[in-house]
Structure formats: structure tokens, C-alpha cells
J.: 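Here it is, the structure, as C-alpha cells.
All chains are named by letter (A, B, ...) in the order of the sequence lines, taking the proteins before the strands, and each is independently numbered beginning at 1.
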Amino acid sequence: MSKEITITLPDGTQKQAQAGITGIEIAELIGSGLAKAAIAFEANGEQRDLSDSVSEDSNISIFTIDSDEGLEIMRHTIAAQVLARAIKNLYPKAKLAIGPIIEDGFYYDFLSDEPVSIDDLPAIEQEMKKIVGTKAEINKTTHSKKDAVKSFNDLDEPYKVQIIEDSEQLSGFQIYSQGETGFIDLCRGPHLPSLDKAGSFKLTKISGAYWKGDSSNEMLTRIYGTAWKNEKDLKKYLTHLEEAEKRDHRKLARVMDLFHLQEEAPGMVFWHPKGWSMYVALQNYIRRKQTENGYDEINTPLVVDRKLWEASGHWDKYREKMFITEIDEEHANEKRVNALKPMNCPCHVQVYNQGLKSYRDLPIRLAEFGSCHRYEASGTMHGLMRVRGFTQDDGHIFCTEDQIESETAGFISLLSDIYTELGFTTFDIKLCTRPETRVGSDEVWDKAELALESAIKKLKIPYTIETGEGAFYGPKLDFVLTDAIGREWQCGTFQSDFNLPDRLGAEYVGEDGEKHKPVIMHRAILGSFERFIGILIENYSGKMPLWLAPTQLVLMTVTEEVIDYAAELETVFNEINIRVELDSRNEKIGYKIREHSNAKVPLMAVIGKEEKSNESISIRSLSKNDTNTYSIDEAKDFLLKNSDFPS
RNA sequence: GCUCAUAUAGCUCAGUGGUAGAGCACUUGCUUGGUAAGUAAGAGGUCACCGGUUCAAGUCCGGUUAUGAGCUCCA
């Protein structure tokens, strides 16, 4: 005789049931509609298959496809049961690895002896649809480690065997199968009870991925897909992807004539006049913010003798990413080996080291728009987002240990201001704590971590802790901002360093008259101008705020006889430093509007007979699609008021 | 760096071994037109680079470089 158990549902209602009741029976207990829609359940926080039983008092949630959990379980089944089986059907020699869910979808990794390309995806997708069409039931059996290893050894699935062998558990390995098909897969589960509950899916891309994410392991084939509860949601997602593609900064850069890259200088940007004007506007804005916040701007050499890099540790730790230069032997009197700087910190310490510093001088905040070069692996380059030559809004704060906390607070407040003013309302902070391999004493680490953490706490900004992700010389805060379409970008960073001052001999004279080592806080807000401009372009879809727009106002003539008036206006706006362009071409006004709209010029003025005779100007805005008529003085006021830096 | 793919006119792309194409952009002519494409004509290419196969290569094969999607890394 089995005992009675109490089942508590999410809304608090309780039901009595016999111990051993299964998930699907619980769903039926609640309602037959729910039982039909149910795909899995959760018992005391643990996700289970509907066929699993419950033998003690439990908090139970039944999942349907309408919940996030249900959607994820469905995606998981599409990956591990449907895609995996389709791969085995089409490529019987393939060795299955893993098939987890990711944001909006899933992937499956497998080893294939024949290359699989994107052209093969439609056939695989077809096979998946066939498999789903069988509406096969998914069954589960549980095995001991030994049995599970044997099952997958028999099937010659070495990755599955390795997963089981690497596992610490000795039993409870779940193997899922589909009816009598002979297909089995190792899985933590849960899965849909049968394939007729699968939603709409699409395979999206294919690539290579290292086994266990380790670049020293062999590369597997990875197929990505997305899955949604119905066709409508799938379409919506695919449309969203297309929208994201339209704001690709590489595409917009061509339309807006901002910059280009070319084969002779991979990963290095050729800025065009319009792109450079954005860059300069952003740099001037940052320069002003930094000056207001107690930074002194400096500039240091790009090409520096290897001796300095040896002293700083870069020659040892960072050399494979450094561009090394040698002077042509025929013309050089002395043979020197130099490196293009990959970071600015060693040079900043050189500036600090000039002249004896007193504790009264600290903190010293040195800022540089530091041009750095790093030989990035060829496959990692991506438009402006990942380049080999870039400029950081770099800064190094030389301070005492006691000043870390207040400097942290000051930095976060500056960063927060800047992100907000640039249009990013949300950003996350990650506190990265001491890694396994590190330098410095635990006392100093305690102090550094505590200082960083208490400073954020005071600002009441939420943050997460990334244990062990800090730099080897100190803990750091990473700042991740979210753009207009929800993508995340790591930009700002704030790192404390107790190592470099020692290596490069930075000192100050303390109150006690003795020499002490300062702490260096490495910091950047934008990270790199190149990447940040890429992010801004995509965030705004190229429709830049007025102060950043390369061309702020374009004057478009309707007929030839107003060109003289338009040219007068051009002079007027030039005099107040508005970036203005005159389009007096022999084209219709609609044509001009279309062209400048595509080029994302924020303000367009139509200049016709009416404006000329009234001495007025009609300004049409790109973002609002509205038109206002101003007198010339009103227009000047309006433009001056709206084209300044944000604040 | 690794996997797969791509490289044809300024841009977007078509071109399955036999005399290089389209649309847009550009130049010129006509048109002077009021809020997202007026019209006609013209010019424009060593088909990324190096090699191979073939009577013949933009097309097939190999290599190099760059680019794209990812992986690993990262500002």
C-alpha cells in the first residue's frame, strides 16, 4: 500500500496523490486540457519528464510550450532528438557530441568524415521534418555507468562514451529513444513526450567548433538552428534577424561613406571624411568629460624599444600579439628591435616616473587616446568591432591603496554619465575576482576586491560576480552595455594593478618620507573608438544624434534660381560650425530627399522660391519625418541648441 | 589560428568550359520640377593573386591573400 503525498502547485493550491504518481497523471489531476498541452514538469526545482514519478511531498509546476521552460525543453528535443537523428540518418558515420540549447535556439556538434556545408542544411532540415512527422514517442531508460558506456561503445559513439566516463556520477544515466527506430541519445533531459509536440524550427548556420571548447582539441561540425512554438513566432524571429542585419555597421558605413578596410592593411581602418568627423566629435566629447573629471591628457610613442616591453612583461606574456619592427639593416647605424605598442600602460608609467612624486600629488590621472596595434588572429576580425589597429580612450590612475575606493566611485560615475549621454540606458557590471594564477599578496587582493565592491554598493548599481575572471595583476570591473536591439557589448573596464608599478619602478614619497609604490588603476570607458563607433552606428541604425552626425544639415535646392540663396545659408551655418552641405544638383526634390535620407543625414532643408522670398528655411527631420519653417535666426538658434555635446 | 563558405563594373548581384551581363551609382543631353527614385544616351571589368588541367578557363583543380558565419581569443 503506497503512501499519500501532498502536491503543491505554483498558485499555492494543494492536492493529495498516491506516491509514485507520474508527471502526466499530475497534469490530468489538474485538468485534461493541461494534460494535453503538458510537455514536462518541475518537481522541487528539478526539471523532469512527464513519465517520471514523484514519491514525496513536492512543489510541482507543469510546463507547456507557452512557458520559457517549455520552449527551452522543446528546443532541446529538436536538437538532441530530431537534429541528431537526422544527422545520423544522412551521415551514418557521424559521431555525435553535444546538442545544447542557446538563446533563441540550439545547436548540435558532431564529427563528420565528409564536409558538411550550408548547402546541405535544407536536406537536413527536410529530414528533420520527416522525423517530426513520424510523431514518434520519446522513451527514457536509466542505466548504470557501465551499461551506458557499453551502449555507446556498441554504437561507436566515442564522444558520448567520453561524456559518461568524465562524469562523476556512477548511475542514473538517461538514454532517450524514439519508439523502435534504434536511435538513442544520452541526455540529461527532460524531453517532449512525443514529437507531435514539436514547434516550428529552422536551421540557420553551420560552422566549426572545438570539442569541449578547447582549441587544442579536434574541430567538430556545428549546426545551429532556431525553434519556436509556432510558425508565427519563427517568422517574427527571422524578421528580427533581418532587421539586425540592416543595421550592420559595415553595410551602413558604405552607404554613409564612413570608412573602408582593404587587403593591404587587414584590421586597420581607412577613415573617410564623414567617418572621421564622427570620430573627432566623439573624441572631443570624451576629452571634455575627462578634463572635467581631473584627467591630464598625454600622448606617448607608438614605436618603442623591446627593452621596455621586456621590463613590463609584455615581451614575455604578449609577444605573439605584438607587431615587431626592425630598421632596414642597410640604412640603420644601430640595430634596434622595436614593437608597436599593444597597450599604453608602460608608456604612461614612463611619464609618471619623470620627476619625484609626492603623496600630495596623488591621485594622478593620465589619459591618452592611445593608438594600439595588436596582431589579432585572422579569423577574429570583424568590421570596426575587432581590428588590429585601434585607439583606446585609455587612462591610468596612479593612487595610493587608500584612494582605490574613491577612484572607483569616481570612475563608475563618469562611465555611467557617458553611457547615458551616448544613449545607452542599461549596462551591467561584472566584478571579476582573483584568478588562480596571480601576483600579489592575499591581503592586497582582499583590499582591492573589497574596495571595488564597496564602491559599487555605494552607488547602488547592481552587479554580478565572475569568480576567478580577474586579471593576473588585480581584480577588475567589466562594463557591458546593451544596445537598442538587445545585444551586449563589453566596453568599459576598470582594473587595479599592484604589479606594473613594481616592474617599472613607479614610486612616490609618502607622508613618512619613505618611498612607496603607487597602485595603478587601468581604465577605459569606450574601450576602443573603433568598436564604440561601430556599436553607436548599429545602436542608432546609422541615424546618429545631431552632435555626432557627419553631415548635420543638407540644403537642397528646388530650382536653379534659389542656388544663390542656398549658398548664403550655407555660409551662415558654416560660420556657426554646423556641418552643412549644399545639394544644388539638377535633380528633383524627391530624389534629393530620398538620397540624403538613405545617407542618414538628420536634417534636410528644402530651399525653394517660397523660402527665398521669405528669407526662411524649412527643415525636415529624418527621425520624425516632420517639417518646420524657421527664420534664419531661429534656425541658427535651433541648430546651436541641438548640435552641442550631450549633457 | 581552426571549420565551412565567398571573391565578376563604384555598389548589389547574375553568369555550369566556347567573343563578360543586369539594376543602381557615374558622365552628358533634355527637363526647373515643392518633401523618399523625371527622362534618354554614353562610359565603365587583367572576372582577387599565383600556378595547373584543357584546343579553349570568369567557369574545373591546387596554393596564397582578403572577406563572411561561427569556434578559440578579445578593446
Side-chain angles (χ1 to χ4, degrees), chain A residues 102 107 109 111-112 114-121 204-224 245 248 250-251 254-255 257 260-267 318 320-321 342-344 370 372-394 478-479 489-493 522-535 556-563 584-599 604-611 618-622 625-627:
Chain A
I102 49 174
Y107 65 76
D109 284 354
L111 183 71
S112 175
E114 54 182 306
V116 183
S117 83
I118 190 146
D119 299 328
D120 300 314
L121 292 187
T204 50
K205 50 196 168 192
I206 186 163
S207 79
Y210 299 108
W211 166 237
K212 290 188 164 176
D214 183 338
S215 60
S216 61
N217 285 341
E218 69 271 30
M219 182 150 278
L220 308 174
T221 302
R222 173 174 295 180
I223 293 177
Y224 285 91
E245 234 168 82
D248 189 313
R250 293 164 303 181
K251 284 192 176 137
R254 219 168 282 132
V255 182
D257 194 16
H260 83 272
L261 297 153
Q262 69 184 47
E263 203 167 326
E264 289 79 1
Y318 211 74
E320 77 280 3
K321 284 203 167 180
M343 296 183 194
N344 305 299
C372 295
H373 290 80
R374 296 180 188 171
Y375 185 79
E376 297 291 344
S378 58
T380 60
M381 261 111 61
H382 179 93
L384 291 179
M385 303 306 195
R386 191 75 181 273
V387 288
R388 284 182 176 160
F390 59 99
T391 302
Q392 296 178 315
D393 61 325
D394 204 2
D478 277 342
F479 299 83
W489 301 96
Q490 202 242 291
C491 295
T493 188
H522 304 244
R523 43 113 289 161
I525 290 174
L526 305 183
S528 98
F529 279 91
E530 285 75 7
R531 173 182 288 180
F532 207 89
I533 289 172
I535 295 168
M556 306 174 294
T557 53
V558 179
T559 62
E560 249 170 30
E561 53 192 90
V562 300
I563 293 179
S584 56
R585 290 176 304 168
N586 174 16
E587 294 292 349
K588 290 201 166 176
I589 197 66
Y591 179 92
K592 294 183 184 181
I593 289 169
R594 176 181 159 77
E595 193 161 281
H596 297 295
S597 297
N598 286 338
M604 288 166 274
V606 175
I607 314 289
K609 283 177 197 163
E610 208 175 299
E611 286 76 12
S618 302
I619 299 180
R620 181 186 206 278
S621 101
L622 176 67
N625 249 353
D626 60 354
T627 304

J.: Distance between the C1' atoms of rU12(B) and rG1(B), in whole angstroms?
T.: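 Per the computed distance, 32 Å lies between those C1' atoms.
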
J.: Under 4.0 Å from OP1 or OP2 of rG70(B): is there any side-chain N or O of Lys205(A) that close?
T.: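 Looking at the OP1 and OP2 atoms of rG70(B), one of them is under 4.0 Å from a side-chain N or O of Lys205(A).
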
J.: Side chain of Arg531(A) only, please: which of rU32(B), rA36(B), rA75(B) is the nearest?
T.: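 Nearest listed nucleotide: rA75(B).
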
J.: Could you state the NZ-C1' distance from Lys588(A) to rG34(B), rounded to the nearest angstrom?
T.: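 So the two atoms are 11 Å apart, to the nearest Å.
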
J.: Measure from CE on Met556(A) to P on rU35(B) and round the result to the nearest Å.
T.: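 Rounded to the whole Å, the gap is 11 Å.
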
J.: What nucleotide, of rU32(B), rC2(B), rG34(B), holds the atom closest to the side chain of Ser618(A)?
T.: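 Nearest to the side chain of Ser618(A) among the choices is rG34(B).
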
J.: Should His382(A) be listed as having a side-chain N or O under 4.0 Å from OP1 or OP2 of rA69(B)?
T.: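 Yes, because at least one side-chain N or O of His382(A) sits under 4.0 Å from OP1 or OP2 of rA69(B).
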
J.: Ignoring hydrogens and angles, tell me if any N or O in the side chain of Glu611(A) forms a donor-acceptor pair with the backbone of Gly608(A) under 3.5 Å.
T.: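 A pair under 3.5 Å: yes.
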
J.: Quickly work out the Arg250(A) CZ to rC11(B) P distance and round it to whole Å.
T.: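 Rounded to whole Å, this separation is 16 Å.
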
J.: From Glu595(A) CD over to Glu587(A) CD, what is the distance, rounded to the nearest 0.5 angstrom?
T.: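 One finds 7.5 Å between CD of Glu595(A) and CD of Glu587(A).
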
J.: When you compare the ring of Phe390(A) with the six-membered ring of rA75(B)'s base, are the centres less than 5.5 Å apart and the planes under 30° from each other?
T.: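 So Phe390(A) counts as stacking on the base.
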
J.: Which distance, rounded to the nearest 0.5 Å, do you find between the CG of Leu384(A) and the CD1 of Ile535(A)?
T.: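 Going from CG on Leu384(A) over to CD1 on Ile535(A), the span is 10.0 Å.
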
J.: When you get a sec, tell me which of rA36(B), rC71(B), rA75(B) is the closest nucleotide to the side chain of Ser597(A)?
T.: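 Side chain of Ser597(A) sits closest to rA36(B).
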
J.: Quantified in whole Å, what is the P atom distance between nucleotide rC11(B) and nucleotide rC73(B)?
T.: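 It works out to 35 Å between them.
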
J.: Quick check for you: to the nearest 0.5 Å, what is the distance between Ser528(A) atom OG and Asp393(A) atom CG?
T.: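 CG of Asp393(A) is found 8.5 Å from OG of Ser528(A).
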
J.: May I have the distance from Gln262(A) (atom CD) to rA66(B) (atom P), rounded to whole angstrom?
T.: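 Distance check: Gln262(A) CD to rA66(B) P gives 13 Å.
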
J.: Do NZ/NE/NH1/NH2 and the carboxylate oxygens of Asp214(A) and Lys212(A) come within less than 4.0 Å?
T.: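 A salt bridge is absent here (no side-chain N lies under 4.0 Å from a carboxylate O).
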
J.: Let me know the distance between CH2 of Trp211(A) and P of rC2(B), rounded to the nearest Å.
T.: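 Rounded to the whole Å, the gap is 22 Å.
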
J.: Rounded to whole angstrom, note down the P distance from rG44(B) over to rU28(B).
T.: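 My reading of the P atoms in rG44(B) and rU28(B) gives 16 Å.
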
J.: If only side-chain N and O atoms of Arg620(A) are considered, is one of them under 4.0 Å from the OP1 or OP2 phosphate oxygen of rA36(B)?
T.: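 Arg620(A) to rA36(B) OP1/OP2: side-chain N or O found under 4.0 Å.
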
J.: Which part of the nucleic acid, if any, lies within reach of Phe532(A) when heavy atoms closer than 4.0 Å are counted: base, sugar-phosphate only, or nothing?
T.: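 No contact at all - Phe532(A) keeps every heavy atom at 4.0 Å or more from the nucleic acid.
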
J.: Mind checking the P distance from rA48(B) to rU6(B)? Whole angstroms is fine.
T.: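 Those two atoms are separated by 13 Å.
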
J.: Which nucleotide in the list rA36(B), rG33(B), rA75(B) gets nearest to the side chain of Asn598(A)?
T.: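 For the Asn598(A) side chain, the nearest candidate turns out to be rA36(B).
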
J.: Counting side-chain heavy atoms from C-beta on, which of rA36(B), rC4(B), rU35(B) comes nearest to Pro115(A)?
T.: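 Nearest to the side chain of Pro115(A) among the choices is rC4(B).
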
J.: Nearest of rU32(B), rU65(B), rG1(B) to any side-chain atom of Glu263(A)?
T.: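 Of all the options, the side chain of Glu263(A) is nearest to rU65(B).
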
J.: With a 4.0 Å limit, can you tell me whether Arg254(A) has a side-chain N or O closer than that to the phosphate oxygens OP1/OP2 of rU12(B)?
T.: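 For rU12(B), OP1/OP2 do have a side-chain N/O of Arg254(A) under 4.0 Å.
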
J.: I need the CG-P distance between Asp248(A) and rG68(B), as an integer number of Å.
T.: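 These atoms are roughly 9 Å apart.
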
J.: So, does the side chain of Glu595(A) form a donor-acceptor pair with the base of rA25(B) at under 3.5 Å?
T.: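 By the distance-only test, no, there is no pair.
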
J.: Is the distance from OP1 or OP2 of rA25(B) to the nearest side-chain N or O of Tyr591(A) less than 4.0 Å?
T.: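 For Tyr591(A), the contact criterion (side-chain N or O under 4.0 Å from OP1 or OP2 of rA25(B)) is met.
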
J.: What's the closest nucleotide to the Val558(A) side chain, out of rG1(B), rG33(B), rC26(B)?
T.: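 Selected nucleotide (nearest to the side chain): rG33(B).
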
J.: Pick out which of Asn344(A), Thr493(A), Leu526(A) makes a side chain to side chain contact (heavy atoms under 4.5 Å, CB included) with Gln392(A).
T.: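 Output: one option passes, namely Asn344(A).
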
J.: Is a side-chain N or O of Arg386(A) found less than 3.5 angstrom from the main chain of Met381(A), in a donor-acceptor match?
T.: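 A pair under 3.5 Å: no.
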
J.: Are Ser378(A) and Arg388(A) side-chain neighbours, meaning at least one heavy-atom pair lies under 4.5 Å?
T.: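 A side-chain contact under 4.5 Å exists here.
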
J.: Quickly work out the Arg222(A) CZ to rC71(B) P distance and round it to whole Å.
T.: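 Arg222(A) atom CZ is separated from rC71(B) atom P by 6 Å.
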
J.: Looking only at atom C1', what distance separates rC24(B) and rA36(B), rounded to whole Å?
T.: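 Rounded to whole Å, the distance is 15 Å.
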
J.: Looking at the side chain of Thr380(A), which of rU65(B), rA75(B), rC73(B) is the nearest nucleotide?
T.: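 From the listed options, rC73(B) comes nearest.
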
J.: Between the side-chain atoms of Arg386(A) and the base atoms of rC73(B), is any donor-acceptor pair under 3.5 Å?
T.: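 Indeed, a donor on one side and an acceptor on the other fall under 3.5 Å apart.
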
J.: Look at the side chain of Lys321(A) and decide which nucleotide, out of rA36(B), rC71(B), rC74(B), has an atom nearest to it.
T.: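 Of the options given, the side chain of Lys321(A) lies nearest rC74(B).
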
J.: If you find the nucleotide of RNA chain B closest to Glu530(A) and the one closest to Gly383(A), which residue's nucleotide is nearer the 5' end?
T.: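 Looking at RNA chain B, the more 5' nearest nucleotide goes with Gly383(A).
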
J.: Distance check needed: rA75(B) C1' versus Asp393(A) CG, whole Å only.
T.: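 These atoms are roughly 9 Å apart.
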
J.: Which one is paired to rC30(B), where only Watson-Crick or G-U wobble pairs with both distances under 3.5 angstrom count?
T.: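 The base-pairing partner of rC30(B), which may sit in any strand shown, is rG38(B).
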
J.: Would you please confirm or rule out a distance under 4.0 Å between OP1 or OP2 of rC73(B) and any side-chain N or O of Tyr210(A)?
T.: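 So the side chain of Tyr210(A) is outside the cut-off, no N or O lying under 4.0 Å from OP1 or OP2 of rC73(B).
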
J.: Nearest to the Lys609(A) side chain among rU67(B), rG33(B), rU35(B), which nucleotide is it?
T.: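 Shortest atom-to-atom distance from the side chain points to rG33(B).
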
